[in-house]
Every structure is written in C-alpha cells, then in structure tokens.
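Step one of this worksheet: look at the structure below.
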Amino acid sequence: MSETCTNRSGMARPDVGGSRWPPSTRARCSRGRLRSRAFAPAPCARPPDLPARRGGSRRDGPHVGPTLDGAGTGRRPRPRPTAARTRRRGPAADAGTVPSIMTSLLVTGRTHSCGALRADHVGNDVVLLGWVHRRRDHGGRIFVDLRDREGLTQVVFGPDIDAAAHEAADKLRSEFCIGIAGKVIARGDNANPNLPTGAIEIEASTLEIFSQADTPPISVADDDRIDTGENLRLRYRYLDLRRPSLQKNFITRSKIAFVTRRTMTEQGFLELETPYMVKYTPGGARNFLVPSRLNPGTFYALAESPQIFKQLFMVAGFDRYFQITRCFRDEDLRNDRQPEFTQIDVELSFATPERVFEVMERLVANLWREVLGVEIPTPLPRLSWAEAMGRYGSDKPDRRFGLELVELTAQVAGSGFRVFEQAACVKGITVPAAHAAPLTRSQLDKLTDFVKKRENGGAKGLAWARIGDDGSFVAPFAKSMSEAAHKAIVAQMGAQPGDVLLFIADTWHTVHQVLCALRLELRDLLQLVPADARRWEFLWVTDFPLFEQRDDGTLVAAHHPFTSPRTDQLELLHSDPGKVLAQAYDLVLNGNEIGGGSIRIHRSDVQARVFEILGLSQAAAQQKFGFLLEAFKYGPPPHGGIALGLDRIAMLMTGATSLRDVIAYPKTQKGQDLMTLCPTPADDAQLEELFIRLRPLPGAKEGGESTEPSA
RNA sequence: GGGGUGGUAGUUAAGUCGGUUAUAACGCCGGCCUGUCACGUCGGAGGUCGCGGGUUCGAGUCCCGUCCGCCCCGCCA
C-alpha cells in the first residue's frame with residue numbers, strides 16, 4: 001500500500017476532503033448559543049395531569065411540558081435561518097432551564113409500551129413514552145405515530161381534546177422524544193388494519209417533550225423504503241438502530257442468546273469465562289496485539305477463540321462448559337466476517353461426535369422453536385466430508401435444491417472426446433427440463449465465462465448438452481463422441497427429454513470447485529430457492545481430513561493441531577498420514593457454515609505423532625503449547641466440543657443479508673468504526689510508556705508527517 | 001496485495017455526445033386543513049457534483065492521482 005501516511009489521517013477522518021460533520025452541527029457550532037435561546041423550553045409550571053386525575057384536569061389546562069417557543073406564540077426573538085445550511089431545529093434544552101424532574105411524565109412512568117394497546121384497553125388512561133415516528137397535521141387534528149421498540153401507537157391531538165397539548169403538538173417533528181398521557185379510544189371505522197395497535201388510538205391530554213431532534217440524516221420512519229448508504233448508516237449508527245427492522249433483528253438476537261443460555265444450562269453446562277488477553281499463538285488467524293505496559297516489549301494477543309482454555313476446563317473437571325464469547329481475528333472483512341464476532345463456545349468431557357451432536361441439536365431445535373416457531377426435525381442429517389464433496393463439490397452444501405454432481409469419469413473413458421478422455425476427472429450437473437428454459441445459448445455462453453473466472457475455479461471451459469424431445473443427445477461436441485458414450489452419460493445422469501447437462505473436465509480439485517460455484521450460480525439464476533421460502537436445511541458434515549496438503553507438499557492441520565483422528569485410523573497416522581480422517585465436524589445451514597468442532601486428542605503419544613507430522617519439533621511444541629501438554633500429563637478426560645457462530649445464526653434467523661445487520665456496532669470493510677472514527681494514532685506519551693516507536697509508515701514523506709488526528 | 005462497483009441537495013436517485021440557470025421524489029421551512037395513517041394542498045429554501053490535479057474556449061460528464069462505502073479473490077473456520 002502506498003497511501004498510509006495520508007491513510008493514517010484518513011483513518012481519523014475518512015472523508016478528509018469534506019467536513020466530518022453535517023451542516024446542522026456546523027451551524028450549531030457557530031450559532032448554537034443564539035439558537036438555543038430561541039428554543040429554550042419553558043420551565044414546567046405545574047405537575048402534569050396524571051391519568052387518574054384526567055377527568056377534572058382539562059379545565060386546569062394541561063401540562064404541556066417544555067415547548068419550543070415558550071408559550072408558542074413566537075414572541076421570543078427567533079433568529080431567522082439565514083444561511084442555507086441552517087436548520088430549523090435547534091439543539092435541545094439549555095442547561096439551567098431543564099424542567100423539574102418531579103413534574104415530568106418520567107416520574108409517572110409509562111403504563112404501556114407503544115405496541116401493547118388493543119381494543120380491550122379502550123377507556124384506559126395511559127402514559128406512553130417514545131419517539132415521533134410520523135406526524136400528520138390536519139389543523140384541527142394532529143396525528144402522531146408514537147414509536148418505541150415494541151411498536152407504533154397513533155396519538156391524536158385536537159383543540160377539543162386538549163387545546164394546549166394540541167398547540168404544543170404543532171411543534172413536534174420526527175424523532176422528538178416525547179411522553180404523552182391520555183385516554184385510549186376505539187377507532188371504529190377509522191381503524192388501521194396494518195398496525196397491531198390499529199384498533200385504538202390515544203386522545204392526548206398531556207404532551208411532554210423530553211428532547212428535540214435535528215432533522216435526522218437517516219429517515220427512521222422510512223426504514224426499509226429507503227436504502228440509505230452504508231457509510232451514513234454506520235456514522236449515525238444510533239439512528240440506524242432505531243429503525244424498526246433493525247430493532248427486530250436485535251430483539252431476535254437477544255432471544256437467541258437467552259434460549260442458548262437456558263438450553264445449555266438445562267443440559268448441565270456451566271457458563272464459564274476465559275480471558276480475552278492471551279498468549280500469542282502463531283499460525284491460524286492473525287492476532288490482534290495488545291502491548292503490555294508492565295512487561296515492556298511484550299504483547300498479549302486478543303483471543304481468536306477460547307480453544308485451549310476450554311480444553312483446560314475439561315482437564316479441570318468442569319465436565320461441561322459453554323460460553324457466549326467474543327473472538328478476535330485480524331483478517332480481511334467480508335459480508336459475513338467481522339474482526340470481532342461472537343461464538344457460542346461449547347466443550348464437554350467424555351465426548352463422542354454423536355454426544356456433541358445431540359447437545360447441539362437440542363439447542364438448534366429449541367432456538368428455532370422458541371425464536372421462530374419452527375420445528376426442526378432431529379436428529380439432523382449427516383454427511384461425510386467425502387460424500388459432501390462428491391455430491392456437491394462443497395464441504396458446506398446448500399441442500400435446499402438438487403443439481404447434484406454426477407461422476408462421469410468412467411463413462412467418458414474411451415468415448416472419443418479428447419477433452420473428456422484426457423481429464424483426470426469429469427463430472428456433470430443435470431438441470432431438469434422444468435428449470436432449463438432460461439439456459440439459452442447466450443446464457444450458456446455467459447456460464448462458460450463464469451466457470452473460466454479465476455475466483456470460480458478457473459475451468460478451461462464448460463461443456464453442455466441438451467436432451468431433445470426424442471431423447472437425442474444435442475451438444476456441440478456430440479459428433480466427437482461415440483453414441484455409446486452419449487447413452488452412458490444419459491443413463492448415469494438420469495437425463496430426461498428437455499434436460500440440460502453441464503460438464504466440467506479437469507483436475508479433481510478444479511472440477512469440484514467449479515461445479516460448486518456453478519451450482520450456486522444456477523440456484524440464483526434459475527431461482528431454485530425462492531427468497532421468501534423459509535427453509536432450513538441443516539446438515540452435519542463429518543469425517544473431515546485431519547490434514548491438508550499445502551502447495552509445498554507439507555501437511556497442515558485442517559482444523560487445529562489438537563483434533564483427534566478417527567480412533568479406527570490411528571494406524572494410518574503412521575503409514576499414510578495424508579489419508580487420515582479426523583473426528584471433526586461442521587454444522588451447515590443452507591450452505592452456510594454456522595459451526596465447527598472436533599473431538600480433541602487427549603493421548604500424549606497421539607499428540608506427539610501429530611506434531612511430528614506437522615513438522616513441529618518437541619522443543620517448538622513445548623514452547624507453543626507447553627502448558628497444554630503439561631496439563632495433559634495430569635489425567636485429562638477424553639473431550640471434544642464445538643463453536644457456533646452466533647452472528648451468522650442471527651443473520652440467517654432474521655433473514656438479514658449482512659452480518660452488519662445483526663452486530664450493533666460493526667466495522668467497515670477497512671476495519672474502521674465510522675461513528676467513533678476508530679482506529680486512531682496513539683499519543684506519543686502513550687507509546688513512550690509502552691516503549692513503542694512507530695516505523696516509517698508506508699507512503700510517508702521523508703521527515704514524516706504528523707499522525708495526529710486532525711479533528 | 002488484486003478484481004469489480006459506487007460517491008450529484010438533508011436522503012434516495014436522474015443527468016444523453018463535454019455546451020444555457022444541474023433535475024426529480026421524499027425530507028426540510030412557511031401558510032391552509034377535524035380522520036389521516038407514505039394524509040392532502042399552496043408557496044419557499046436548499047448544491048465545494050467525495051477530494052486534488054490535468055485536458056479543454058468550456059468538465060458532474062474526459063484523463064491521472066487520491067480518500068471512502070459495498071461485493072469478491074487472496075487471507076480467514
């Protein structure tokens with residue numbers, strides 16, 4: 001990267017060219033004092049009418065709370081907004097003119113949420129507290145949709161209901177935070193069937209404005225109607241989070257956490273905590289580093305996961321552990337990846353894979369039943385890694401649709417078609433006639449381009465065939481291939497008239513990678529999974545390979561180095577370690593990996609052999625994991641566990657399309673928090689205390705530019 | 001590190017081949033309105049076209065650089 005010095009300041013002020021703050025705030029800085037006076041609320045003169053006293057209160061005049069212009073007559077000098085950028089709305093109350101809290105509806109408290117009232121409540125005197133969602137002013141009637149996290153309730157103001165409250169309601173604007181007191185009345189013919197509270201409304205006798213609001217940069221009321229840019233949403237995250245759709249997500253997320261805690265506790269698991277600041281572990285995901293002031297020159301790492309600590313809990317005899325915990329990984333972000341994320345972390349002693357599955361299946365069943373009202377049949381289906389790869393080309397197959405991969409290598413041997421004959425592996429997908437209509441010649445050309453792309457696996461090409469109504473085999477390469485091969489392919493793929501057959505011939509790896517990508521592309525292209533279909537295809541993928549081979553031929557742990565081989569394959573560990581299968585498993589939902597785990601090694605001889613295969617010397621293993629190996633000298637129980645990605649589960653359960661919609665304060669793709677403008681350079685004094693000196697930053701000019709934030 | 005895509009009023013977007021005063025909707029401000037519920041209606045204000053540089057008589061538009069958002073590869077369970 002060549003932009004880091006400017007980049008450093010850019011981190012502090014992402015939009016270096018423009019002003020960081022919206023015009024309204026700039027206006028506030030220069031004219032705030034004057035404007036504040038104009039909007040100074042009147043002190044509260046008398047206690048509010050409490051609902052119980054409402055009957056006799058109207059004559060006394062309502063408590064109108066602090067109003068915008070005192071008496072609302074505009075007698076106070078009100079500076080005319082002259083500059084283009086001046087906003088109408090000033091900041092909230094000046095200090096010193098805050099109304100006495102003793103007179104506030106705050107003291108009365110709310111009687112109901114804004115989503116609670118129904119026809120049954122007609123006649124009740126109620127107090128509601130919330131935000132102005134929308135205001136509709138008809139002169140003699142002002143309607144306000146009052147919003148809190150539970151819903152919307154229509155409040156109506158009128159001169160005949162309460163003149164002063166009606167007059168004050170004239171000043172209400174979007175997102176003012178207010179309280180109202182009044183009587184629930186039936187709406188009769190005017191009921192709004194689109195609102196759960198639509199059968200009733202509140203005739204407001206009291207209005208209290210807790211705080212005013214500038215015109216918000218994000219329209220809370222329009223919620224899903226306007227797709228506000230991600231940068232604005234993140235800068236004003238607290239407004240974004242006011243949107244009912246996001247509130248729903250976080251209410252769901254909270255339920256998920258609650259049901260998890262209850263279900264795990266019911267199953268005998270203890271909720272135990274592990275440190276976030278831990279020993280740096282090389283390998284795996286990149287760690288965030290935390291310098292230690294008390295130990296100059298040394299660093300903690302932020303935990304990638306509680307992995308080792310939960311295993312030590314097993315050594316400690318806690319038997320069953322779970323934790324809803326944050327994990328930190330300094331890797332590039334994605335739509336479904338954040339640098340800090342939350343895991344449901346689980347470990348149990350005397351574990352077998354089935355015992356882990358049983359526990360997690362109960363959790364899944366409870367979550368879907370209690371959060372979504374959906375029954376998930378258990379046990380969940382299982383598929384070995386080898387079968388998943390063979391049938392779907394993926395270790396996290398989306399099984400909401402078919403299009404399974406069909407092995408054709410044997411069928412095309414000796415077919416005469418060189419492209420197929422010479423390939424190490426040939427596989428195909430059958431697109432049934434019912435879905436094949438969009439696969440026109442030009443569309444097939446596009447799919448050919450698709451499979452050639454590097455990110456999709458980089459196949460050399462896509463071979464296709466169409467089965468004619470008479471069963472004929474129609475393909476560009478048909479004449480290059482024997483009739484017998486046509487028949488063999490059709491038979492193997494179970495092709496019917498009208499079907500379109502797609503083939504990839506290449507290395508085993510390429511064929512599976514490409515067909516996996518192609519399969520998912522066809523899912524979207526042919527709309528094989530309707531977006532509104534709430535289908536939940538869970539799957540355990542089991543028996544992962546213990547090791548993966550790197551390009552240089554060395555083996556690395558596919559899961560992590562403490563993963564146990566299958567007990568029936570300990571011999572292979574010596575004879576052919578590359579073939580050893582692990583007691584490792586993933587939980588997959590609709591093509592998303594939502595969890596993964598393994599049975600751990602508890603035998604020191606097996607662990608030693610695995611380290612040996614990984615090329616880890618005894619000394620190196622001792623240095624990295626000495627404390628764990630030492631612990632395993634003292635009677636470790638056989639154990640294993642799993643971690644579920646809470647964020648991804650929340651994303652799928654809420655139907656959110658991004659992790660950012662289920663994480664309250666997420667980071668951007670560059671890992672920045674646009675609301676707090678983080679990260680920022682550190683004070684030199686702070687660095688000095690840590691004995692840290694910055695190296696020249698990439699792109700820095702000689703002599704170095706200031707890295708101080710310019711804001 | 002790489003590929004793609006976007007940045008125009010408070011917001012969401014349009015802006016043709018480089019050419020008059022940069023449009024629209026919503027929002028905002030003022031007036032009217034007693035049954036709306038995305039209220040209606042009349043009037044008004046509102047722009048550093050992300051930023052910097054260049055080409056040109058002339059740049060929102062073309063070129064170079066840069067910042068930021070998003071999607072993806074690499075990376076990462």
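Everything numeric in this text was worked out from a predicted model, so none of it was measured. Reminder, nothing fancy here: chain letters follow the sequence lines and each chain counts from 1.
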With sequence neighbours left out, the residues meeting salt bridge (Lys or Arg N to Asp or Glu O under 4.0 Å) with A:K460 are A:D506

- Query: Can a donor-acceptor pair be found between the side chains of A:S113 and A:D148 at a distance below 3.5 Å?
  - Reply: no

Mind checking if A:H560 touches a base, just sugar-phosphate, or nothing, with heavy atoms under 4.0 Å? nothing

From CG of A:N287 across to P of B:C75 the rounded distance in Å is 18 Å

Exercise. Is A:R660 touching bases, backbone alone, or none of the nucleic acid, heavy atoms closer than 4.0 Å?
Worked result: sugar-phosphate

**Prompt:** Within the structure, does a side-chain N or O atom of A:K670 lie under 4.0 Å from either OP1 or OP2 of B:C68?
**Reply:** yes

Winner on side-chain proximity to A:S174, out of B:C28, B:G69, B:G35, is B:C28

Residues at least two apart in sequence or cross-chain that pass salt bridge (Lys or Arg N to Asp or Glu O under 4.0 Å) with A:D336, listed by chain then number, are A:R648

- Message: Using atom P in both nucleotides, what's the gap between B:G54 and B:U12 to the nearest angstrom?
- Response: 31 Å

Of the listed B:G10, B:G74, B:C37, the closest approach to the A:R337 side chain comes from B:G74

Q: Answer yes or no: does a side-chain N or O of A:T668 lie under 4.0 Å from OP1 or OP2 of B:G69?
A: yes

Exercise. Taking the P atom of each, how far is B:G30 from B:G46, in whole Å?
Worked result: 16 Å

A:D223 CG to B:C37 P, in whole Å, measures 19 Å

Any strand, both distances under 3.5 Å, Watson-Crick or G-U wobble: B:A45 pairs with none

Contact check, residues 324-335 of chain A vs RNA chain B, heavy-atom distance under 4.0 Å, returns A:R329, A:E331, A:D332, A:R334, A:N335

Across all chains, not counting sequence neighbours, the salt bridge (Lys or Arg N to Asp or Glu O under 4.0 Å) partners of A:R337 are none

Of the listed B:C71, B:G35, B:A77, the closest approach to the A:Q669 side chain comes from B:C71

A:A116 and A:H121 have their tightest heavy-atom pair at O-CE1, 3.6 Å

Contacts of A:D673 meeting side chain to side chain donor-acceptor pair (under 3.5 Å) (sequence neighbours excluded), chain-then-number -> A:T676

Distances under 3.5 Å between nitrogen or oxygen atoms of protein and nucleotides 12-14 of chain B:
from, atom 1, to, atom 2, distance (Å)
B:U12, OP1, A:G229, N, 2.7

> What about A:R235: does its side chain form a donor-acceptor pair under 3.5 Å with the base of B:C68?
Replying inline: no

To the nearest angstrom, the CG-P distance between A:L239 and B:G10 comes to 16 Å

Using a 4.0 Å heavy-atom cut-off, does A:Q338 contact any base of the nucleic acid, only the sugar-phosphate backbone, or nothing at all? nothing

Out of B:C26, B:G30, B:U36, minimum distance to the side chain of A:D222 belongs to B:C26

Taken in chain and number order and not counting sequence neighbours, the residues that satisfy ring pair (Phe, Tyr, Trp, His ring centres under 6.0 Å) with A:W131 are none

> Do the side chain of A:Q672 and the base of B:G69 come within less than 3.5 angstrom through a donor-acceptor pair of N or O atoms?
Replying inline: no

Taken to the nearest whole Å, CG/A:D162 to C1'/B:U34 is 16 Å

As its Watson-Crick or G-U partner within any shown strand, both distances under 3.5 Å, B:A25 has B:U11

Quiz prompt | Between B:U5 and B:C63 - P atom distance, rounded Å | solution = 13 Å

Rounded to whole Å, the CD1-P distance (A:I649 to B:A77) equals 18 Å

Sorted by chain and residue number, the ring pair (Phe, Tyr, Trp, His ring centres under 6.0 Å) partners of A:F625 (sequence neighbours excluded) come out as A:F562, A:F611

A:R134 CZ to B:U36 P, in whole Å, measures 16 Å

Whole-Å distance, A:D145 CG to B:C37 P, equals 11 Å

Could I get a table of every N or O pair under 3.5 Å where one atom is in the protein and the other is in nucleotides 40-44 of chain B?
none

Taken in chain and number order and not counting sequence neighbours, the residues that satisfy ring pair (Phe, Tyr, Trp, His ring centres under 6.0 Å) with A:H138 are A:F143

To the nearest angstrom, the CG-C1' distance between A:D336 and B:C70 comes to 14 Å

- Within the modelled atom types, does a donor on one side and an acceptor on the other bring the side chain of A:R187 and the base of B:U36 under 3.5 Å apart? yes

Checking N1-N3 plus N6-O4 or O6-N4 for Watson-Crick, or N1-O2 and O6-N3 for wobble, each under 3.5 Å, the partner of B:U55 is none

Taking B:C37, B:G74, B:U34 as options, the one with an atom nearest any side-chain atom of A:R136 is B:C37

Any donor-acceptor pair under 3.5 Å linking the side chain of A:Q343 with the backbone of A:L644?
no

Applying a 4.0 Å non-hydrogen cut-off, can you work out what A:A584 is touching in the nucleic acid: base, sugar-phosphate, or nothing? nothing

Any carboxylate oxygen within less than 4.0 angstrom of a Lys/Arg side-chain nitrogen, looking at A:R233 and A:D661? yes

Quiz item: Using the C1' atom in both, what is the distance from B:G58 to B:U11, to the nearest Å?
Solution: 32 Å

With sequence neighbours left out, the residues meeting salt bridge (Lys or Arg N to Asp or Glu O under 4.0 Å) with A:D395 are none

Between B:G4 and B:A45 - P atom distance, rounded Å | 44 Å

For A:T153 and A:G115 the tightest heavy-atom approach is OG1-N, 4.3 Å

Residues at least two apart in sequence or cross-chain that pass ring pair (Phe, Tyr, Trp, His ring centres under 6.0 Å) with A:Y392, listed by chain then number, are none

Partner of B:G35 under the Watson-Crick or G-U wobble criteria, both distances under 3.5 Å, comes out as none

Would A:H138 count as stacked on B:U36 if the rule is ring centres under 5.5 Å and plane angle under 30°?
no

